[in-house]
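Let me begin by presenting the structure, written as C-alpha cells, before commenting on it.
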Amino acid sequence: MSLKRATPLASALLLATALLTPPAATAAPLAVPDIALANVQAHLNSFQSIANSNGGNRAHGRPGYRASLDYVKAKLDAAGYTTTVQQFSSNGATGYNLVADWPGGDVNNTVMLGGHLDSVSAGPGINDNGTGSAGILEVALTVAKENLKPEKHLRFGWWGAEELGLVGSNYYVSQLPTAEKSRIKAYLNFDMIGSPNPGYFVYSASGQPSGSAQLQQLLQAAFSGKVATELTSVGGRSDHAAFARAGIPVGGLFTGAESTKTSAQATKWGGQAGVAFDRCYHRSCDTTANIENTSLDRMSDAIAYALWNLAGTGGTQPGDKFENTDALPLPDQSTAESSITVSGITGNAPSALVVGVDIKHTYRGDLVIDLVAPDGTAFRVQNSSSDSADDLVTTYTVDASGETANGVWKLRVRDAGPQDVGTLNSWYLQF
Ligand code: DPN
Ligand code: ZN
Ligand code: CA
C-alpha cells in the first residue's frame, strides 16, 4: 500500500510533542525557514509610500491606516489565507483589525501572532509598528510559500488603534467567546522590531500582566548562538496585554523605544550608549531611514523560529488526500475490500468527503460499492445496474460528517453479475 501520509507511528510522535515545549536537544532539527529581509523591507517601503500619499501617517481614522490594512490583506488573500476585517469605533472614527487564518490545523490548539498596524498621527510609524506588521506578514507569507501543514491552527492579527490605548486588540479579545479564548494556546506580540539603535528584548514572563515562561524561553532560544537577549517588562504597553488578562499565554519581542541604551548594552549589542533605542519614537522621522536591518532580520527569523516550533508539522489541510494504489483483483460475483488508514486529522470527516475510484472492468454495471467508515458504518456510493460500459473511473461525494476522520476506511467492492471481472487499480479519500 502506498500512502502519501505519514505513518501512524510518526504522526503519534508528532502529536505527542507538547504545545509549548521547545524541542529537546535530541529531537531532529526542525527546518525553520530563513525569513527574507528584502521582503520585510519591501513591506516597509510600501507602508512608507502609503504614508507619503496619505498625509504622512498611517494613523487610526486616517486614510493611511485603511490603505495599510488593504495592502496586508491583499497579500494574505493572494497567499490563501482566510481574512476577516473586524470593525470597531474609537474616538469618533471607525477602526479596523485584520485577522488572517491559515486553513487547517487543530483549531482547538490555535497559535496566534500579532502586532499593531496603526502609526501615531505624527509620522509614518515605520519602526512603530511597520516592523512588527511587516515581520509577521512575511512570516505568514512564508508559511504559505512553504505550504506548511501545521498541527496547530495558525492565526495572525494586525490591530488598529493601538496608539489610542490598545483599542483594537482589546476589542478583539472582548468579542471572543469564552470557548474561543480557551482555544488560543499562545499569543506572541511584535511591536517595534527594527529600532535604529537596537536592543534584543524578550518579553519577561514575570511582567504585569504576566506572560508565559515557556514562550519566553522559546523566544530566548530563537537567539541562542546568535545574540544575547535581555528580558524586558513591557507591562501593559502593547497588544499582548488583553490576551494576557484573558488568561492566554503571551510572549513577545522588542528592540526598544524611547529609553536609553546603557554602555553595557552597547558593548553587548553595538550601537550608541546614552542614546535612545529609537530616537524617532512617535515622531515624524520614524521613516524607512529609522530602521536597523540586522535587528529586523534577526527578529523576523526569530518569529519564524517560534512559529515553526509552536505549530508543529505533519498536520492536515482541507484537501489532503489519502490514497491506496495497490491493485486489487475483483473476482466474479464476490466481494473485495481495500483499506486506507487516515491519521493526523482532528475531529470528524467532512460533509463532502470525496471518494475517488479507478476500476478496470469489462462490465461496470456489475459493481456495487460501499465506503466503510472506521466504525463500520457503510455508505453506498454505487449500485449495480445494466450499465454495459467498461471501466469505472469516477469520484463520489459522501456526507461523512458523523464519522471520526482518523482510522481505517475501507472500500468494499462487490461484483454482483456473472462473467465479467475487473481490478481496483487505486482509490483515494480527499478530506
Ligand atoms: N507600542 C509602543 C507603545 O505603546 O508605546 C511601544 C512599545 C512597544 C512599548 C512594546 C513597549 C513594548
Ligand atoms: Zn507606539
Ligand atoms: Ca461479473
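Quantities reported herein were computed from a predicted structural model and do not represent experimental measurements. Read the numbers this way: they start at 1 and go in the same order the structure lists the ligands and their atoms.
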Query raised in the report: Is K261 atom NZ crowded by more than 12 heavy atoms from other residues, nucleotides or ligands, each under 6.0 Å away?
Result: yes

Requested in this report: Measure the distance from atom 2 (C) of ligand 1 to every protein heavy atom, then report the residue, atom name and distance (to 0.1 Å) of the closest one.
Outcome: Y281 OH, 3.5 Å

**Report entry** Those atoms of ligand 1 less than 4.0 Å from some heavy atom in H116
**Finding:** 1 (N)

**Report entry** Nearest to the Zn ion (ligand 2) - the N/O/S atom of D128, by atom name
**Finding:** OD2

Query raised in the report: Is the Zn ion (ligand 2) less than 2.8 Å from an N/O/S atom of E162, whether that atom is in the backbone or a side chain?
Result: no

Query raised in the report: Can you tell me which residue and heavy atom of the protein come closest to atom 12 (C) of ligand 1, and the distance to 0.1 Å?
Result: V234 CG1, 3.4 Å

Query raised in the report: What do you reckon, are the aromatic ring centroids of F277 and F201 less than 6.0 Å apart?
Result: yes

**Report entry** Identity and distance of the protein heavy atom lying nearest atom 4 (O) of ligand 1
**Finding:** R237 O, 2.8 Å

Report summary line: Filtering E258, E163, M192 for the heavy atom nearest atom 6 (C) of ligand 1 leaves M192

Query raised in the report: Evaluating non-hydrogen atoms only, which member of I193, D239, D191 is closest to atom 1 (N) of ligand 1?
Result: D191

Report summary line: Taking the Zn ion (ligand 2) as the apex, NE2 on H282 and OE2 on E163 give an angle, to 10°, of 100°

Query raised in the report: Is K181 atom NZ crowded by more than 12 heavy atoms from other residues, nucleotides or ligands, each under 6.0 Å away?
Result: yes

Query raised in the report: Would you say E162 has any N or O atom under 3.5 Å from an N or O of ligand 1, going by distance alone?
Result: yes

Query raised in the report: Checking R66 against Y96: charged group under 6.0 Å from the ring centre and within 45 degrees of the axis?
Result: yes

Query raised in the report: Thinking salt bridges, do K149 and D320 make one under a 4.0 Å N-O criterion?
Result: yes

Query raised in the report: Are R237 and E258 close enough for a salt bridge, meaning some N to O gap below 4.0 Å?
Result: yes

Query raised in the report: So among T255, D191, D278, which one has a side-chain hydrogen bond (donor to acceptor under 3.5 Å, both in side chains) with N127?
Result: D278

Query raised in the report: Against heavy atoms of D128, which atoms of ligand 1 measure under 4.0 Å?
Result: 1 (N), 2 (C)

Report task. Name the orientation class of the two ring planes belonging to F88 and Y171 (parallel below 30°, tilted from 30 to 60°, perpendicular beyond 60°). Result -> tilted

